[in-house]
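Below, chains carry the letters A, B, ... as their sequence lines are ordered, and counting in each starts from 1. None of the values given here were measured: they were computed from a predicted structure.
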Amino acid sequence: MVAPSSSITDKGAVARKRRRRIQKDWWGWLFCAPWILHFAALVVLPMLGSFVFSLYDFGGIWGTGKFAGLGNYRDLLLTDARFWNSLKNTLVIGLMVAGPGLLMAVGLGALLSGKTPGKGIFRLLIYTPSVIPPVVVALLWGQLLNPRYGLINLALNSLGVDGPPWLGDPTWAKWALALVSWYGIGGSVLGFSAAFEQVPKEMVEAAVIDGAGPLRRFFSIQLPMVSPQMFFFLVNAVTAALTHIVAPMVLTDGGPAEATMVWPLYMFRLMFTYNKFGHGAASAWIMALVTILFLLIVFRTEKRWVHYEGGDDE
Amino acid sequence: MTHRRFNLSLVLKLLILVLIMVGFLFPLYWMVTMGLKGSNEVMRYPPTLYPHKAVWDNFVKATTTIPFWRWAGNSVYLAVMITLGTVITCPLVAYGLAWVPFRGRKFVFTTLIIATLIPFTATMIPMFVIWARLSMVNTFWPLIIPAFLGSPGLIFMLRQFFRSLPPAMVEAAQMDGANHFQVFRYIMLPLSKAAIAVAGVWAFIGSWNDFFGPLLYAQDDSMYTIQLGLTQYRTYETIHVEWQMAGAALTVLPVVLVILVVQRWILEQELRSGVKG
């Protein structure tokens, strides 16, 4: 703390100001110290380490292996068909999850905002499945989707539809994973419903006076007003696709015929099943670069379609 | 005349919502009832919509055929430690980012955003090597230590919350000669109990639900958490689905209870987060 002093000279004031400035900086760094340590040791260091590993023919924890240059990258990108297949699966499943997922989240969010009686309880009910442990969700959907005694195909049968073999079929297994992801959509629904609540009432009322019907109002006013939430949803969808590993591991184990061998799972296999740490690290760096690329595209195009009310503050 | 039409659309809306809720909740009902069916009934086609003969013994089997309570105990230990780390560290960092002006703050804030955007899979391999070289694989430290260094998402959430408090309070306290730690301790903390509790609840649920972290670092059977344990119901002859579902229902129970207890705070925060970062 700064001791109060009575004699104020110019020199003293300047020195005190500087001291105060340093003191202030010091406080800030002190409060943020744990996080800075976290970022340095658990984000920057592993990323750098990952790059170094990716240059070596790396075998195990202690082995340094032979320097391979960009050989691991070459192996993955030029000769490893399974790697490309895992990339393709991540992209396809990611789109399968995010496309209909966005429609659902927007639709349900709209239904759970405004003058909906009981929206509090509906919100709670839809949110709850999203906090169920992912393993439980995967195991449970494995049962629900069982082609023989599962509930889903029973329901389809009672509607006169022959249920698909789900996890036994390359295409349907992908949709099964999408279904599992949609089950946890509650958090996004709440996000959208909050965003819809924030659309200024006057805007909607003005549109009513101008004679806009409910559909027109939805697409011309409410939807553009929740575009920041859609942006948030898409950024999350990218991360979700690149960390999508528990359900493919527990529910399908990458099968059938590698149809659900997604990128993160293949990376895990490279590391722990085939003990190819160098290739795994190379894969991780390719993933980091792809993430950056994707996010750059998303953030670059943001201004074109995301509508912000007022400025952004950070 | 518009009154009638309004009601009709309202009824339609409610009907749709109820149907959707049934869709979301029926799987949970299915889990519990599968956990109560006998080993023959659970495989029957067409499946029975409710257990014709409730076998409560499944819950005993679920907790005795695998070391259920030991693994649940590990999960509780981890969840408590991780929650503790979170509620100690995250508010401190969040306060620093919200109310302490210092050179480099923008940079620190940027690192937070970067960390939330990097998928954990991109760092998992070197991370594992680092912990292995520190001889910490097969301990819980690789899961606990990061929590004590703050988790980016929760720091971000708390920072947003702190920013929403009136600056006048902070300024008044500083006028009275309070230093930053005192402002944090005596002004921010009492006002943010609910927000910090939400961060703690999220950390707790996140840890309890975590499958992948323990899969990497808890390698001995004795170190398993309950989420890993749920995949261990297969014996060499068969998988007892009804035991597995009973066990699964037991691990869901604490999560649902916690959510019900703090639902108002949680929903408020969920509604708040994401919108206008």
Region of [X] in contact with chain B, defined by heavy-atom distances below 4.5 Å:
X	answer
A/Trp141	side chain
A/Phe122	both
A/Leu112	side chain
A/Leu108	side chain
A/Ser130	neither
A/Asn157	side chain
A/Tyr183	both

Can you say whether [X] sits under 4.5 Å from chain A via the side chain, the backbone, both, or neither, judging by heavy atoms?
X	result
B/Tyr95	side chain
B/Met31	both
B/Leu215	side chain
B/Val258	neither
B/Ile20	side chain
B/Leu92	both
B/Arg44	backbone
B/Met43	both
B/Phe181	both
B/Leu216	side chain
B/Val256	side chain
B/Met124	both
B/Leu28	both
B/Leu117	both

Using a 4.5 Å cut-off on heavy atoms from C-beta on, say whether the side chain of [Y] contacts that of [X].
X	Y	answer
B/Phe24	A/Leu125	no
B/Val252	A/Pro133	yes
B/Ile118	A/Thr291	no
B/Ile259	A/Leu124	yes
B/Thr231	A/Val135	yes
A/Ile245	B/Phe120	yes

Counting heavy-atom pairs under 4.5 Å to chain B, which of A/Gln143, A/Met47, A/Lys119 comes out on top?
A/Gln143

State the [atom1]-[atom2] distance between [X] and [Y], to the nearest 0.5 angstrom.
X	Y	atom1	atom2	answer
B/Tyr233	A/Leu139	OH	CG	10.5 Å
B/Met34	A/Leu140	CE	CG	8.0 Å
A/Arg123	B/Gln263	CZ	CD	12.5 Å

Strictly distance-based, threshold 3.5 Å: is any side-chain N or O of [X] a donor or acceptor partner for the main-chain N or O of [Y]?
X	Y	value
A/Tyr149	B/Pro46	no
B/Thr121	A/Leu242	yes
B/Asn209	A/Val131	yes

Measuring centre to centre across the rings, with the benzene-like ring taken for any Trp, is A/Trp27 within less than 6.0 Å of B/Phe102?
no

Please confirm whether the ring centroid of B/Phe212 lies under 6.0 Å from the ring centroid of A/Phe268.
yes

Taking the six-membered ring for Trp, are A/Phe31 and B/His180 parallel (under 30°), tilted (30 to 60°) or perpendicular (over 60°)?
perpendicular

Return yes if a side-chain donor-acceptor contact under 3.5 Å exists between B/Thr111 and A/Trp35, otherwise no.
yes

Residues A/Pro46 and B/Pro126: closest non-hydrogen pair is O-CG, 3.0 Å

